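Right, one structure below, let's go through it.
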Amino acid sequence: QVQLMESGGGLVQAGGSLRLSCAASGSIFSINFAAWYREAPGKQRELVATIRSGGNTNYADSVKGRFTISRDNAKNTVYLQMNSLKPDDTAVYYCVTAVMTTAQAMRDYWGQGTQVTVSS
């Protein structure tokens, strides 16, 4: 009963910025936890950033100081602001959320992925 829609990916030059969005819809009471992962060709899936319901955040060392995860509770949307992008940031980015539904059940949901390509 909950769906995630990712958007905001694209092609950008090194040093540029993108903002990814992950909009949740359905029978949602609250988003208790959210994270962004990325998967590059030939590499394992990497945890990029997390955010708790209280606002506490955590980042991979490779993106600290450049990426910011945030959320808009009124819109049930999670964002990943990516600045100073590097070619190594090229990957498919996935959002995942732990949702408390209106039926008081906690469940995890994954987005469909959005491609980010950073050129030199």
Side-chain angles (χ1 to χ4, degrees):
Q1 291 182 302
V2 176
Q3 299 82 39
L4 303 183
M5 179 61 67
E6 296 185 35
S7 61
L11 175 64
V12 65
Q13 292 183 335
S17 298
L18 288 173
R19 189 177 77 160
L20 306 183
S21 298
C22 178
S25 61
S27 302
I28 301 168
F29 180 78
S30 64
I31 299 176
N32 294 282
F33 174 87
W36 288 93
Y37 291 84
R38 65 186 181 186
E39 188 170 353
K43 297 181 179 180
Q44 292 183 295
R45 185 181 64 188
E46 178 186 19
L47 179 61
V48 176
T50 64
I51 186 168
R52 307 293 301 185
S53 61
N56 186 50
T57 59
N58 194 32
Y59 299 92
D61 288 341
S62 59
V63 306
K64 285 182 178 178
R66 300 188 298 118
F67 290 11
T68 302
I69 186 171
S70 62
R71 55 184 169 84
D72 186 333
N73 292 333
K75 297 180 179 180
N76 286 324
T77 301
V78 181
Y79 303 96
L80 185 67
Q81 178 67 45
M82 304 184 294
N83 299 324
S84 301
L85 283 163
K86 305 175 181 179
D88 286 347
D89 296 320
T90 296
V92 177
Y93 285 71
Y94 298 90
C95 68
V96 60
T97 61
V99 174
M100 178 69 74
T101 69
T102 54
Q104 297 183 332
M106 182 73 76
R107 296 179 179 179
D108 295 340
Y109 298 92
W110 285 80
Q112 82 281 7
T114 185
Q115 176 71 49
V116 172
T117 303
V118 184
S119 65
S120 300

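Values in this document were obtained by computation on a predicted structure and should not be read as measured data.
Contact check on Asp61 versus Lys64 returns a salt bridge, with a Lys/Arg side-chain nitrogen under 4.0 Å from an Asp/Glu carboxylate oxygen. Taking a cutoff of 4.0 Å between a charged side-chain nitrogen and a carboxylate oxygen, Arg38 and Glu46 qualify as a salt bridge.
Just one residue in the list Thr77, Asn73, Val78 forms a side chain to side chain contact (heavy atoms under 4.5 Å, CB included) with Lys75, and that residue is Thr77.
A heavy-atom distance below 4.5 Å is found between the side chains of Glu6 and Trp36. Between Leu4 and Thr97 there is a side-chain heavy-atom pair separated by less than 4.5 Å. In this structure, Asn76 and Arg71 have side chains that are not in contact, with every pair of non-hydrogen atoms separated by 4.5 Å or more. Proximity of Ser30 to Val99: side-chain heavy atoms (C-beta onward) are nowhere separated by under 4.5 Å. Counting heavy atoms from C-beta outward, Arg19 and Leu80 have side chains that stay 4.5 Å or more apart. You'll find the side chain of Thr68 stays beyond 4.5 Å of the side chain of Tyr79, heavy atoms only. Contact check for Val116 versus Leu18: side-chain heavy atoms found under the 4.5 Å cut-off. Within the 4.5 Å cutoff, no side-chain heavy atoms of Thr101 are placed close to those of Phe29.
Val63 and Val12 fall within a single hydrophobic cluster, where Ile, Leu, Val, Met, Phe, Trp and Tyr are joined by side-chain heavy atoms under 4.5 Å apart, directly or via other members. Both Leu47 and Val92 are part of a single hydrophobic cluster, where members link through side-chain heavy atoms under 4.5 Å apart. By the rule that hydrophobic residues join a cluster once side-chain heavy atoms approach within less than 4.5 Å of another member, Ile31 and Met100 end up as members of separate clusters. No path of Ile, Leu, Val, Met, Phe, Trp and Tyr side chains, each step under 4.5 Å between heavy atoms, connects Ile28 with Val96, placing them in separate hydrophobic clusters.
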- [ ] Output, in order, the C-alpha distance, side-chain angles, deciding distance and verdict of side chain to side chain contact (heavy atoms under 4.5 Å, CB included) for Gln13 and Val118.
- [x] CA-CA 5 Å; Gln13 292 183 335; Val118 184; over 6 Å; no

Open item on the list: Go through it in stages, so that I can follow the logic: the residues are Glu39 and Tyr94, the test is side chain to side chain contact (heavy atoms under 4.5 Å, CB included), and I'd like the CA-CA distance, side-chain angles, deciding distance and then a yes or no.
Closed with: CA-CA 8 Å; Glu39 188 170 353; Tyr94 298 90; 4.2 Å; yes

Open item on the list: Working note: Phe67 + Thr57, criterion side chain to side chain contact (heavy atoms under 4.5 Å, CB included); need CA distance, chi angles, decisive distance, verdict.
Closed with: CA-CA 11 Å; Phe67 290 11; Thr57 59; over 6 Å; no

Open item on the list: Applying side chain to side chain contact (heavy atoms under 4.5 Å, CB included) to Gln81 and Ser17, what does each step give before you reach the verdict?
Closed with: CA-CA 8 Å; Gln81 178 67 45; Ser17 298; 4.0 Å; yes

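Residue pairs meeting the side chain to side chain donor-acceptor pair (under 3.5 Å) criterion with at least one partner in residues 102-114, sequence neighbours excluded, do not occur; the list is empty.
Cation-pi contact between Arg52 and Phe33: absent, since separation from the ring centre below 6.0 Å together with deviation from the ring axis within 45° is not met.
Under a 3.5 Å cut-off, the side chain of Gln115 and the backbone N or O of Gly10 do not form any donor-acceptor pair.
Taking NZ from Lys86 and OG from Ser120, the interatomic distance works out to 12.5 Å, rounded to the nearest 0.5 Å.
The environment of CE in Met5 is sparse: at most 12 heavy-atom neighbours from other residues, nucleotides or ligands sit within 6.0 Å.
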